[in-house]
Structures are given as structure tokens and as C-alpha cells.
Undergrad: 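The following block contains the structure, expressed as C-alpha cells.
For reference, positions follow the sequence shown, starting with 1. In each ligand, atom 1 is the first atom listed, and ligand 1 is the first ligand listed. Worth saying up front: this structure is predicted, and the values here are computed from it rather than measured.
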Amino acid sequence: MRLLLTTSQGIEDLARAEVENLLSELGVSFRVEERPLGVEGRVLAEVGEAFYTDEKGRRRELSVPTYLNERSRLLHRVIMEIASERFEGIGEDEPDLALRRIEEFVSGLPVERYVKVSESFAVRSFRKGEHRITSLDISKTVGKAIFERLSRFGTPKVNLDHPTVIFRAELVGGVFFLGIDTTGDSSLHKRPWRVYDHPAHLKASIANALIELAEPDGGSFIDPFCGSGTIPIELALRGYEGRIIGLEKFRKHLIGAKMNALSAGILERIEFILGDATRLNEYVGSVDFAVSNLPYGLKIGRKSAIPKLYMDFFGELAKVLEKRGVFITTEKRAIERAITENGFQIKHHRLIGHGGLMVHTYVIE
Ligand code: SAM
């Protein structure tokens, strides 16, 4: 089986490592590839059949997509691939031609192997890049081709709101992809524990990527701008046994973070502190790891205040940080200045796609 796994742009290597670990635990044969056909935010896994032994000692087949949906912390979707194809020049094609190419391709695919005619289906599509067609055009065209193909076997049922089977059609640049979306309509990064919605919350998949980059070893860990608590909550959910602290200046967000932690069932694992990160040393004498999604000044607050905020915060961090820090922000100039002027070294830098922006991520020591 070939699984197309989606995640955030810029963390494909970390998602790949996670998937390899999970599949190794299953003892199944596999091959994982980052950015198949050059498509960012995608990982392809070719996986052999997996089995488990039930309580009566019988060997049963294990669903690898279900296993990944339940265990992954970095993936957004697990899609069973039906077919992938490169459509050269589709970006410049007239809309009629582009849609005809997609329709002809889908019409030739054995979609009847993936959906019973008695089951309802819908097509969800995703499009990225320069094209003269919209994602709605793709949904309609692919839906029509699947409907006509299934009509050979009976009367197909379409249910756009609550389908039994979701086909996912993606057009990213010149690459077209069709699969069965085993994740459903809600992406895995939308965690069920989120009951308080911070206006600038971090995707849980990215929070886990930052945690991976920090490589916490059981030592104390702080998110000094914790907002709704995404980073400390995800760390606690991984079973981290060290001290976990979340600091936040605004009471409303801190209460929200506690509500989220309660809903996640790990409230007692996190020390939430109402306080100002530019006075960090007043709350913690020393901390091994600091990981945070810094205020950007885009959604909250004034952008002009950011350089001073970063300078004051990294000045305080220099007094308490023992091992490693990981920070994500759009404000490249301000953070690089604050990092270097406070005696830290940048060990790693990468760009991660978040909220339509490519955001700078730094590992510092
Ligand atoms: N990662 C968080 C989440 O997923 O909800 C969002 C963090 S948000 C980008 C930055 C947070 O920093 C905001 O909640 C803001 O209130 C807080 N903040 C701003 N200035 C602060 C300061 N001086 N000390 C502590 N927190 C501050």
C-alpha cells in the first residue's frame, strides 16, 4: 500500500523520522520518501501488510492508516494513494483543457476497488501553485469522473456533507494526486483537546516539530510565551517526565491554556505561571530547554515593540537557559540580533510553513 502523508512544509524530515519509527514498531516492511515528486509538505510511505494477534491468538490484519492516524503527532492526513501523475504544463493550460486532462486520467483509475457502489462518497480537493482552474473545479471534475466510472457497477451515491468515503484530489504545481482520505474532514493537527482557541495558536504538528528539534532529555522545559499552551500540552501528552512550565502574560490566555490542559487530561503535569517573559529570571532560576512560538506582532500587539521585546527576553533567557532553545517567528532580523547580542549561538535554522507564511525557526545554545 502507498500512503501519501501530509504535514507542514519544512518539517517533512521530522515527519518521515516519526513515520519510520512508528512503522518499525509494527515490524512491517516499509520505504519512506520525503517530498515525493518534489511536493513540499508531503511524505510517501510504501508499506507492506501488517498483522497483530488478537485475544484469541488469531492473526489479524492491522490497518496501517488507522495506526498512523491514531499515533502520529506530526502528520496532518493519511491518504491511501490511488494514483499520482505529473501533468506537464497544466499551470498554463486553458481551464477546459486542464480539467479534461484530469477527467481523462481519473476515468481510467479503478476507483471501484476503493468504494462500494452502495457507499456514499465525496471528493475534497486541494490546489497549490499557479493554475487557471480552482479547487472547486477539480472537485467537480474528479467527482464526475468517479461517478461515471462507478455507474458501470450500479447507482453511485454522492453525499457532500457526510460521505462514507472521502476521495482526496490534489493538484500541487504540475503534480496531480488522487487517494482515499482516511483521516476524514478534520486534519490531525486540529487536536480534540483544544477547547480554548487562541487567535495565534501554533499547529500541534509544528509544536511537535519544535519539541523534536529541542531534543529534551527529561530536563526542565519552559514555553515562556505559551498562549493557549499548545507546546507544553503536546510535550506532556508525549509522556515527558521532566518539569514542564508554561508562562503567559495575559490572564485570559493562561486560563485558556489551563482549560486546554484539563481537556487533554494532563493539567497536573504543567506549571502554568502568569508573568512577563522579559522578567523570566523572577519566575525560574534555571531551565534546561525553552521552546516557544514568539509573538510576531501581526495578530496581537504592535509590530514596532517586537525588537525590544525580543532583546529583553533573550537577555533574561541568557541568565537561565542551561541547554537548548527553539524559537519560531516571522521576525528574522529582530530575533537574530537578540540571539547573537545575548551570547547565544544559532545551531540550526529552517523555514516552516505556518498560516500561509514561511516562518523562521532557530535552534540556539
Ligand atoms: N504557541 C501559542 C499557542 O499555540 O497558543 C501561541 C503563542 S502567541 C504567538 C504569543 C503569546 O505570547 C501570546 O499569547 C501573548 O499574549 C504572549 N505574550 C506577549 N508578550 C508576552 C510577554 N512579555 N511575556 C509572556 N507572554 C507574552
Undergrad: Between Arg42 and Glu34, is there a salt bridge with N-O shorter than 4.0 Å?
TA: no
Undergrad: Enumerate the atoms of ligand 1 whose separation from the nearest heavy atom of Ala200 is less than 4.0 angstrom.
TA: 6 (C), 9 (C)
Undergrad: If you link I, L, V, M, F, W and Y whenever their side-chain heavy atoms are under 4.5 Å apart, who else ends up in the same group as Met358?
TA: Leu351
Undergrad: Looking at ligand 1, is there an atom of it that comes within less than 4.0 Å of some heavy atom belonging to Ala257?
TA: no
Undergrad: Looking at Phe250, which atoms of ligand 1 are within less than 4.0 Å of one of its heavy atoms?
TA: 16 (O)
Undergrad: Which atoms from ligand 1 have a heavy atom of Cys226 less than 4.0 Å away?
TA: 2 (C), 3 (C), 5 (O)
Undergrad: Can any side-chain N or O of Arg324 pair as donor or acceptor with the backbone N or O of Glu365 at less than 3.5 Å?
TA: no
Undergrad: Report the member of Glu248, Glu234, Arg279, Lys249 with the shortest heavy-atom distance to atom 11 (C) of ligand 1.
TA: Glu248
Undergrad: Decide whether an N or O pair under 3.5 Å exists between Leu247 and ligand 1.
TA: no
Undergrad: Indicate yes or no: does Arg132 engage Glu94 in a salt bridge with an N to O separation below 4.0 Å.
TA: yes
Undergrad: Report the part of Pro224 (side chain from C-beta onward, or backbone N, CA, C, O) that has a heavy atom under 4.0 Å from ligand 1; answer both or neither where that applies.
TA: backbone
Undergrad: Counting each atom of ligand 1 from 1 as listed, which ones have a heavy atom of His201 under 4.0 Å away?
TA: 3 (C), 4 (O), 5 (O)
Undergrad: Distance under 4.0 Å to a non-hydrogen atom of Asp276: what atoms of ligand 1 satisfy this?
TA: 22 (C), 23 (N), 24 (N)
Undergrad: With distance as the sole test, does Glu119 use its side chain to make a donor-acceptor pair with the main-chain N or O of Lys116 at under 3.5 Å?
TA: yes
Undergrad: Do the ring planes of Phe313 and Phe327 sit parallel (below 30°), tilted (30 to 60°) or perpendicular (above 60°)?
TA: perpendicular
Undergrad: Do Phe176 and Val172 share a hydrophobic cluster (ILVMFWY, side-chain heavy atoms under 4.5 Å, transitive)?
TA: no
Undergrad: Under 4.0 Å from a heavy atom of His253: give me the atoms of ligand 1 that qualify, with their elements.
TA: 14 (O), 16 (O)
Undergrad: Is the shortest side-chain N to carboxylate O distance from Glu241 to Arg269 below 4.0 Å?
TA: no
Undergrad: Could you name the option among Tyr196, Phe225, Tyr296 that has the heavy atom nearest to atom 18 (N) of ligand 1?
TA: Phe225
Undergrad: Hey, looking at atom 9 (C) of ligand 1, which of Asn293, Thr230, Leu210 has the closest heavy atom?
TA: Asn293
Undergrad: Within a distance under 4.0 Å of any heavy atom of Ser228, pick out the atoms of ligand 1 and give their elements.
TA: 3 (C), 4 (O), 5 (O)
Undergrad: Check each atom of ligand 1 against the heavy atoms of Gly275 and keep those under 4.0 Å away; list them by number with element.
TA: 24 (N), 25 (C)
Undergrad: Any nitrogen or oxygen of Leu309, main chain or side chain, under 3.5 Å from a nitrogen or oxygen of ligand 1?
TA: no
Undergrad: Distance alone, cut at 3.5 Å: any donor-acceptor contact between the side chains of Arg77 and Thr182?
TA: no
Undergrad: Given 3.5 Å as the limit, does a donor-acceptor pair link the side chain of Tyr362 with the main chain of Arg350, or not?
TA: no
